[in-house]
Amino acid sequence: MKEEWNNITVGILLLLLAVVVYFLVIPSQVYQMGESGLSPRFFPQATTIAIGVCSFFLIMSNFKKLKKNNKELKFHFSLVDRRDLKVLVAVGALFMFVFIFEKLGFLVASIATLIPLIRFFGEKRYLLNISISVGVSAFVFYFFEHALKIVLH
Amino acid sequence: MLIDLVHGFGAIMTFQNIAAIFVGVIFGTGLGALPGLTATMGIALVIPLTYTLSPITAFSMLLGAYKGGTYGGSIPAILINTPGTPAAAATFLDGFPMAQKGEAGRAMAMALWASIIGDIFGTLALIFCSVWISQFALKFGPTEYASLIIFSLTIVASVSGESLLKGIIMAAVGFLIAMVGLDPMMGTLRLTFNSIYLTNGFNLIVVMIGMFAVSEILMQASNIGSGENISYIPSAKARISWTDLKESFGTIIRGSIIGVIIGAIPGLGATPAAYMSYAEAKRTSKHPETFGKGEIKGVAATESANNATCSATMIPLLTLGVPGNVTAAVLLGGLMIHGLIPGPALFREHADVIYAIFAGLFVSGVVLFIVGTQAIKVFSLMTKIPQPILFPITLILCCVGTYGVNSSFFDVGVMGVFGLLGYFLRRHNFPLPPLLIAFILEPIGERAIRQTLSLSDGNLSIFFTRPISLFFLILAVIGILITKKYHVIDEE
């Protein structure tokens, strides 16, 4: 039952996305040149219609499955749950890395990101954590800067 | 021709040439194994090293880097669900599930054998059939490209997993994402939201690393403390059995043929070849339900096809002077730097160099085997690295690799966004491969379809009146019927 409600929720989101893209985004973001099928708008519009139609079928097919299995349909909103909060920590670390990299260079950014991330993923040995963070960062920096000639500072 | 080839072997078998091939293959394999760094980048970095070398030595090193890079991309695809290069974009489908079962070494060994056999097949096609294949490739116009792309889209059904509807939705989303940037016919901006960073659309490497590598790391992050971490069982043996090779041989040969045909057609490349080979292997298998769950033939199919394209890409390059993809364009630059102008005249004026390069292609296959077997042993050790250390390091490598593409922080941010999107889709059981296939095929397909309709004044019958186009459309219909039958049987 949970999977069906997941599919319905995502289907509704995709349908809304298709409607917004078709009626709002494409008219403002894609320049219309002529009325023929060769217009730059044709393919985005056709694709958006495909997303909308398929999402509609996804919603309907999952409602059908629910009806088959349950006499009462109780809406179960299940887009996010607790474990998604942990994901936000990892994503936050990624953007923190980019921010520090831009301001202070790769080495500082890499060490400052690796140490808390390794701890977050479950490694409790601090000495090992710090040694690996510093060692890997230095190796990657040297390899990219000197072997690949990609500037990292 | 055979005598010229024997002379070519005589020319290639010097210490300098063999050493150059080793350097190229080792460098290419190492680079291909790092997500974000492609075979193309490997070749571009090796070119300056070749300035003082003879044309034969120089080109042998470049080709070694190309082959090593194409194979090397399979290593992270198998070990950490992250294709190292676009060519390995299909290898993770069965390679990673094999690693999760403790068969990472077996998967990498099959990837190596399939790569070498595919590579030898491609080289033989280049040497003996290049003229005929190039004539066939010349017959490809916009109509044929459009039909081939339509046929290629039937692959979506094979990689959609349990829900074809979700696969179609993902393919449509992939199309939409690929439309960001310049319109392929009119040159006007589309869906860029006035951002100069989006003028050229999203980079394939950035999307691929975000969707697959970063989403995998986020999946692991979400399972922290829940006891549901996806396990990475340390790899046992890093070899395949004779039975594995015998049973996969038909798949490897079919993949090699597909790789040669697709590689010889300018503009397509290794990724569509790999996916097409995978889809055909699954369609023709007696047990298609095993694909996507750690089927060794899945790895064989993708790797044989993508490595067969390496030599096949040289067919239009050497015979017509037309680089088939970005990598071939870089190789073209390498040829011209050393005074070799590709085209029909090349075979007349520099036949000795050309046949030495052909011999070098065979030798680089042997070198790839030697380097690859050692690389498997080294990279298998990665399965023993504790996950709390492996994943953060992988994330940093992904960020650096992505940054290295265009030296752009915007790309790294986009990678993060696609990572989040990929995580969200995976959590809700939406398959990602159809999105990637559609993203790769959309630019070629849209341009081809619009050019075709422009040539025919909107008349669709042009697709059915040109023989090659009709052939691919018939193949597409057959493919859909077979796949539909498989989905019906699966549901029953």
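First the proteins, then the strands, lettered A, B, ... as listed; each starts at 1. Since the model is a prediction, treat every value here as computed from it, not as a measurement.
- Contact count against chain B (heavy-atom pairs under 4.5 Å) is highest for A:Pro44 among A:Ser137, A:Ser133, A:Pro44.
- Remark: aromatic rings of A:Phe99 and B:Phe409 are distant, center separation not under 6.0 Å.
- Residue A:Val140 touches chain B through its side chain alone, counting heavy-atom pairs closer than 4.5 Å.
- For the pair B:Glu216 and B:Arg426, the salt-bridge criterion is met [side-chain N within less than 4.0 Å of a carboxylate O].
- Aromatic ring centres of B:Phe418 and B:Phe202: separated by under 6.0 Å.
- Heavy-atom distances place the side chain of A:Phe144, and not its backbone, under 4.5 Å from chain B.
- Interface remark: A:Val151 contributes backbone atoms only to the contact with chain B (heavy atom separation under 4.5 Å).
- In this structure, chain B has a heavy atom under 4.5 Å from the side chain of A:Ile132, while its backbone stays farther away.
- Looking at A:Phe106, only its side chain comes within 4.5 Å of chain B, counting heavy atoms on both sides.
- Proximity to chain A (any heavy atom under 4.5 Å) is shown, for B:Leu218, by both the backbone and the side chain.
- Within 6.0 Å of OH in B:Tyr197 there are 12 or fewer heavy atoms belonging to other residues, nucleotides or ligands.
- For A:Phe143, the part sitting under 4.5 Å from any heavy atom of chain B is the side chain, from C-beta outward, and nothing else.
- Checked by atom type, the side-chain pair A:Lys124/A:Asn129 shows no donor-acceptor distance below 3.5 Å.
- Interface remark: B:Leu189 contributes backbone atoms only to the contact with chain A (heavy atom separation under 4.5 Å).
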Would you please test B:Glu446 and B:Arg450 for salt bridge (Lys or Arg N to Asp or Glu O under 4.0 Å) and show each step? CA-CA 6 Å; B:Glu446 182 181 358; B:Arg450 289 170 69 179; 2.8 Å; yes
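- Under the side-chain contact (heavy atoms from CB on, under 4.5 Å) rule, A:Thr48 has a single partner from A:Val53, A:Ile26, A:Val20, which is A:Ile26.
- Only the side chain of A:Thr113 comes within less than 4.5 Å of a heavy atom of chain B; its backbone N, CA, C and O stay farther away.
- The candidate from B:Val214, B:Ile168, B:Val173, B:Leu397 with the greatest count of non-hydrogen atom pairs under 4.5 Å with chain A is B:Val173.
- Although no hydrogens or angles enter the test, the distance criterion places no donor-acceptor pair under 3.5 Å between the side chain of B:Arg190 and the main chain of B:Val180.
- Interface remark: B:Leu31 contributes side-chain atoms only to the contact with chain A (heavy atom separation under 4.5 Å).
- The residue among B:Leu191, B:Val417, B:Val412 with the most heavy atom pairs within less than 4.5 Å of chain A is B:Leu191.
- With rounding to the nearest 0.5 Å, the separation of CD in B:Gln387 from OG1 in B:Thr394 is 10.5 Å.
- With a threshold of 4.5 angstrom between heavy atoms, A:Val87 approaches chain B through its backbone and through its side chain.
- There is no contact between B:Met185 and chain A, counting heavy-atom distances below 4.5 Å.
- In this structure, chain A has a heavy atom under 4.5 Å from the side chain of B:Leu420, while its backbone stays farther away.
- With a 6.0 Å radius and a threshold of 12 heavy atoms from other residues, nucleotides or ligands, A:Tyr142 has its OH atom at or below the threshold.
- A:Ser110 contributes no side-chain N or O that, together with a main-chain N or O of A:Leu107, makes up a donor-acceptor pair within less than 3.5 Å.
- If you measure heavy-atom distances from A:Leu17 to chain B, you find no contacts under 4.5 Å at all.
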